[in-house]
S.K.: 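Structure below; questions to follow.
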Amino acid sequence: MIARASQLFLPTLREPPADAEAASHKLLVRGGFVRQVGTGLWTYLPLGWRVHRKIEQIVREEMDGIGAQEFLAPVLTPVELWEATGRDKIPELFHLSDRTGRRFILPITHEETFTFHAREIRSYKELPQLWYHFQTKDRDEPRPRGGLLRVREFIMKDAYSFDRDEESAFVSFEKNRAAYHRIFERCGVEAHEVRAESGIMGGELTFDFLAPSGSGENTLVRCERGDYAADAEIAQGVPRAPELPAPLAAPEEVETPGVATCEALATFLGTDLAATSKAMPVTTDDGRVVLALIRGDDRLSESKLLSALKIGSRASTDDEIRAAFGASGGSLGPVGYEGEVIADLTLREGQFVAGANRDGFHLRGVEAGRDYEPEFADLREPVDGDRCPECGGALTFQTAIEVGHIFYFADKYSSGLGATFLDENGREKPILGGSYGIGPGRVLAAVIEQNHDADGIAAWPESIAPYHAHLVVLPGADEIAEQAAEALSAAGRDVLLDDRDQRAGEKFADADLIGCPIRVTAGKKSLEDGKVDVRTRADGAEKRLDVAELGKEV
RNA sequence: CGGGGCGUGGCGCAGCCUGGUUAGCGCGUUGGUCUGGGGGACCAAAGGUCGCGAGUUCGAAUCUCGCCGCCCCGACCA
C-alpha cells in the first residue's frame with residue numbers, strides 16, 4: 001500500500017518534549033507515533049497504531065498457531081467476580097458504579113472474566129482450552145513513567161489456559177512459552193526468559209520476558225556464556241570468596257569502640273570486609289523481630305527476604321532493637337540472640353566477625369551451626385562482579401523492560417469462582433489455569449530502546465515497521481517517485497510516499513527519525529538516469545537502483 | 001504516599017529574585033518572493049485567560065496562601 005505523507009496526520013517534532021527522559025519516550029513523541037493525554041495515558045497516532053497493530057498481528061498468528069481461540073471480553077466488570085477471588089482489594093483497581101449504585105471494576109487482567117466463562121466447561125472431554133483476547137487494561141498505578149514503559153491504560157494480549165491436570169497444564173504452559181519466544185523473535189526484540197519472583201505466594205510457576213533497554217524497571221542478570229538469566233530480584237550470583245582469618249575454637253570478643261559499620265569494622269580489625277557479617281533486624285508484619293544476617297560486603301535484597309520469610313517486614317526501630325538484643329545497631333549479632341535468625345548462604349561455611357550484642361564489642365570467629373543455628377536462605381542482592389551460579393562465568397547486569405509474563409496458578413481462580421469439571425470417574429475437580437500476557441505497547445517501546453541512534457529510530461524491524469519504505473520525493477521527481485512507489489507496493493511493501501512540500505533536509509531528517517527500514521530517494525538525479533537511491537536506515541548503506549528492479553531488490 | 005522540580009502562543013524557552021508602558025526570543029504556522037539531494041534566505045502576518053482560585057497592592061506573569069496538572073527519584077507494582 002501507499003500512504004501519502006501530505007495527507008497524513010504525522011506531526012513530527014524537531015525537539016523532544018521537555019519532560020521526556022527515556023529514548024523511546026522522546027522518539028515516539030518526536031516521530032509522531034503517540035501523544036500524551038494525561039499521566040500514564042497515551043493516544044496512539046496513526047503511525048504508532050500501525051506498529052501496534054502489526055505487533056498484535058504477529059501475536060495473534062502465534063497464538064492461533066498453538067490452537068488458541070480469540071475472544072473479546074468487556075472492560076467493565078461486575079465487582080462480584082473479583083470479590084469471589086478476593087482480588088477486589090488490590091489497590092491498583094479502578095472502581096466505579098452505575099446510576100443505580102451497582103459496582104464495577106476496570107480489570108488489571110482478565111483472569112476472573114475468563115474463569116467465569118470457563119464455568120461453562122462441564123466435562124474433561126472439553127479440556128484443554130486456550131483462550132485469549134486483546135483488551136484494554138486499566139491500572140491505578142502509583143507512578144506511571146517513561147512514556148509507554150509504565151502506563152495506566154494499555155492494551156494487553158492476555159491468554160488463559162484451562163486444563164484437567166498438572167501434566168496437561170504443563171503442556172499448555174510450554175506451548176505458550178514457545179510461542180512467546182517466536183513472538184519476540186518475529187518482532188525483532190531481544191527478550192530473555194527469566195524465572196520471575198514468586199513473592200509471598202510461592203510455589204507458582206512464573207517466567208518473565210525481559211527486554212534489555214536503556215530505561216526500565218527491571219534488572220536483567222545474565223551469564224556472558226548464555227547459560228543463566230534471571231531478574232536481579234531473584235538472581236543468585238556467586239560472590240568472590242572472602243579472605244578468612246585462621247579459624248578459632250570459639251568466638252572471641254574484641255573491643256571495637258565507635259565502630260558502627262562493617263566497613264569501619266573491617267578497617268579497624270584489618271580484615272577483609274567479606275569476612276565480616278552484617279546484622280539487619282527486621283520486624284515482620286505480625287510483629288516478630290527477625291535477625292537477617294548477610295556478609296559485610298553485601299546488600300540485603302528485600303524481595304528475597306520477602307520470599308524467604310513469606311511475610312512482609314520492615315527495618316526494626318531503635319527501640320525494638322534495644323529490647324530484642326540489649327544493644328544498639330552496629331554491635332548486633334546472631335550469637336546469643338533468642339529470636340529467629342535467617343542467614344544468607346554465603347555465611348554457611350567459615351568464620352566471620354559479628355556483633356557481640358554488647359555496644360562497642362564484636363566477636364571474631366563466629367561460625368554458623370556451631371555458635372548459632374540460623375535458617376539459611378538466599379538473601380543477598382547480586383552485584384556486578386558476581387560469577388554465574390551455573391558455570392562460574394561473568395554476570396552482566398542490564399536494565400530491562402518486562403515485555404511478557406507467563407504464569408501457572410493452578411486452581412487459584414477456579415476455586416473461588418467454582419470452575420470445575422467432571423473427570424472420567426464422574427468426580428468434580430477444579431479446572432487448572434495459567435495466564436500469559438504480552439503488552440504490545442511495551443514491545444514497541446522496547447524495540448526503540450534497542451534500536452535508536454542520534455537521528456532517530458534505527459530502524460524498525462521489517463516485521464513491525466509502520467512502513468517498509470520511506471520514499472522521499474524531491475522537486476521535479478514526482479513521476480518517477482510514483483513509479484517507484486507503485487513498484488514497491490506491487491511487491492507487497494508498505495510505502496510512505498513523502499510528497500510534502502518540504503526541504504530535502506527536513507524530509508531526510510524525518511525519515512531518519514521515523515526509522516522505516518529503507519529510504520528511497522527520487523530527485524533530480526533520477527530524472528537523468530531513471531534510478532533512485534536506496535538507503536538502509538540501520539547501517540546507512542546506499543545504492544542506486546533502477547525503478548524496475550525495486551520490487552525485486554528491496 | 002515521601003522527596004525534588006516544573007506549569008508563560010502548537011513545541012522549546014527567557015522574563016519572576018528586586019511588582020510598574022503594547023509579555024519577549026527561537027522553532028513551527030499563514031501569505032509572498034527567491035530557492036531546492038541533509039531542518040535555506042528575505043518580506044509580511046496571525047496566534048498568549050502567563051495552570052486555576054483567593055489574597056496583598058494604586059497596580060501582580062512577578063509577592064502570599066490554597067488547589068489542580070505534569071516530570072524525575074524513592075516507596076509500591078496483580
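Convention: sequence-line order gives letters A, B, ...; per-chain numbering from 1.
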S.K.: Which atoms form the tightest heavy-atom contact between A:Ala458 and A:Asp453, and what is the distance?
M.R.: CB-OD2, 3.4 Å
S.K.: Could you check whether A:Arg535 gets within reach of a base, just the sugar-phosphate, or nothing at all, counting any heavy atom under 4.0 Å?
M.R.: base
S.K.: Can A:Arg50 be said to sit on top of A:Tyr467's aromatic six-ring, NZ or CZ under 6.0 Å from centre and within 45° of the ring axis?
M.R.: yes
S.K.: For the residue pair A:Tyr180 and A:Tyr436, categorise the inter-ring angle as parallel (less than 30°), tilted (30 to 60°) or perpendicular (more than 60°).
M.R.: perpendicular
S.K.: Any side-chain N or O of A:Thr39 less than 4.0 Å from the OP1 or OP2 oxygen of B:rC70?
M.R.: yes
S.K.: Give me the atom names and distance for the closest heavy-atom approach of A:Tyr132 to A:Arg60.
M.R.: OH-CG, 3.3 Å
S.K.: Taking the same atom, C1', in B:rG74 and in B:rG59, what whole-Å distance lies between them?
M.R.: 44 Å
S.K.: Output the rounded distance in Å from CG (A:Asp533) to C1' (B:rG38).
M.R.: 13 Å
S.K.: Tell me: CZ of A:Arg500 to C1' of B:rG36, nearest whole Å?
M.R.: 15 Å
S.K.: Find every protein N or O atom lying less than 3.5 Å from an N or O atom of nucleotides 72-77 of chain B, and list the pairs.
M.R.:
from	atom 1	to	atom 2	distance (Å)
B:rC72	OP1	A:Gly146	N	3.2
B:rC73	OP2	A:Arg143	NH1	3.3
B:rC73	OP2	A:Arg143	NH2	2.5
B:rC77	O2	A:Arg150	NH1	3.4
B:rC77	O2	A:Arg150	NH2	2.5

S.K.: Using a 4.0 Å heavy-atom cut-off across all strands, classify A:Gly476 as base, sugar-phosphate, or nothing.
M.R.: nothing
S.K.: Within the 4.0 Å heavy-atom criterion, would you say A:Glu542 contacts the bases, only the backbone, or no part of the nucleic acid?
M.R.: base
S.K.: Map A:Ala504 and A:Gln36 onto RNA chain B by nearest heavy atom, then report which one ends up closer to the 5' terminus.
M.R.: A:Ala504
S.K.: For nucleotides B:rC50 and B:rA41, find the distance between their C1' atoms and express it as a whole number of Å.
M.R.: 33 Å
S.K.: Please give the distance between the C1' atoms of B:rU49 and B:rA61 as a whole number of Å.
M.R.: 12 Å
S.K.: Can you see which heavy atom on A:Ser414 is nearest to which on A:Pro430, and at what distance?
M.R.: OG-CB, 3.9 Å
S.K.: Consider the side chain of A:Ser526, meaning its heavy atoms from C-beta on, and name the nucleotide among B:rG12, B:rG37, B:rC70 that approaches it most closely.
M.R.: B:rG37
S.K.: Do you know which two heavy atoms are closest between A:Pro91 and A:Asp140, and how far apart they sit?
M.R.: O-CB, 4.3 Å
S.K.: Distance check, C1' atoms only: B:rC43 and B:rC6, in whole angstrom units.
M.R.: 38 Å
S.K.: Which value, in whole Å, describes the distance between the P atoms of nucleotides B:rU56 and B:rA75?
M.R.: 45 Å
S.K.: Touch check for A:Lys525, heavy atoms < 4.0 angstrom, all strands: base, sugar-phosphate only, or nothing?
M.R.: base
S.K.: Using a heavy-atom cut-off of 4.0 Å across all strands, would you classify A:Arg314 as base, sugar-phosphate, or nothing?
M.R.: nothing
S.K.: Which nucleotide, in any strand shown, forms a Watson-Crick or G-U wobble pair with B:rU57, with both distances under 3.5 Å?
M.R.: none
S.K.: Side chains of A:Asp478 and A:Asp499: closer than 4.5 Å at any heavy-atom pair?
M.R.: no
S.K.: Suppose you measure atom C1' in B:rU21 against the same atom in B:rA60; what distance do you get, rounded to whole Å?
M.R.: 15 Å
S.K.: Could you tell me which nucleotide pairs with B:rU21 by Watson-Crick or G-U wobble geometry, both distances under 3.5 Å, or answer none if nothing does?
M.R.: none
S.K.: Expressed in whole Å, how much space separates the C1' atoms belonging to B:rC27 and B:rC63?
M.R.: 33 Å
S.K.: If the plane angle is over 60° it's perpendicular, under 30° parallel, otherwise tilted; pick one for A:Phe207 and A:Phe173.
M.R.: tilted
S.K.: Take atom CD1 of A:Ile514 and atom P of B:rG38, then tell me their distance rounded to the nearest Å.
M.R.: 18 Å
S.K.: Measure from CG on A:Leu13 to C1' on B:rC11 and round the result to the nearest Å.
M.R.: 6 Å
S.K.: With side chains defined as the heavy atoms from C-beta onward, is the minimum distance between A:Phe209 and A:His405 less than 4.5 Å?
M.R.: no
S.K.: Using purine N1 to pyrimidine N3 plus N6-O4 or O6-N4 for Watson-Crick, or N1-O2 and O6-N3 for G-U wobble, each under 3.5 Å, what pairs with B:rG69?
M.R.: B:rC6
S.K.: Does any nucleotide pair with B:rA44 by Watson-Crick or G-U wobble geometry, both distances under 3.5 Å, and what is it?
M.R.: B:rU30
S.K.: Which of these passes side chain to side chain contact (heavy atoms under 4.5 Å, CB included) with A:Ser301: A:Glu381, A:Glu233, A:Arg380?
M.R.: A:Glu381
S.K.: For the pair A:Phe409 and A:Phe407, name the ring-plane relationship: parallel under 30°, tilted 30 to 60°, perpendicular over 60°.
M.R.: tilted
S.K.: Categorize A:Leu474 for me: base, sugar-phosphate, or nothing, with a 4.0 angstrom heavy-atom threshold over every strand shown.
M.R.: base
S.K.: Could you tell me how the ring of A:Phe71 sits relative to the ring of A:Phe114: parallel (under 30°), tilted (30 to 60°) or perpendicular (over 60°)?
M.R.: tilted
S.K.: Where do A:Leu149 and A:Ser215 come nearest, in terms of heavy atoms and distance?
M.R.: CD1-CB, 3.7 Å
S.K.: Spell out protein contact along nucleotides 24-30 of chain B as letters: B when the base is contacted, S when just the sugar-phosphate is, - when no protein heavy atom is under 4.0 Å; keep the 5' to 3' order.
M.R.: --BS---
S.K.: Strictly distance-based, threshold 3.5 Å: is any side-chain N or O of A:Arg519 a donor or acceptor partner for the main-chain N or O of A:Ala511?
M.R.: no
S.K.: When you measure from the side chain of A:Ala18, which nucleotide among B:rG38, B:rC13, B:rC71 comes out closest?
M.R.: B:rC13
S.K.: Can you check nucleotides 32-35 of chain B for protein contacts, nitrogen or oxygen pairs under 3.5 Å, and list what you find?
M.R.:
from	atom 1	to	atom 2	distance (Å)
B:rU35	O2	A:Arg503	NH1	2.4

S.K.: How far does the C1' atom of B:rG26 sit from the matching atom of B:rG39, given to the nearest Å?
M.R.: 14 Å
S.K.: Using atom CG of A:Asp498 as one end and atom C1' of B:rG36 as the other, report the distance to the nearest whole Å.
M.R.: 14 Å
S.K.: Write down the partner of B:rC1 under the Watson-Crick or G-U wobble criteria, each distance required to be under 3.5 Å.
M.R.: B:rG74
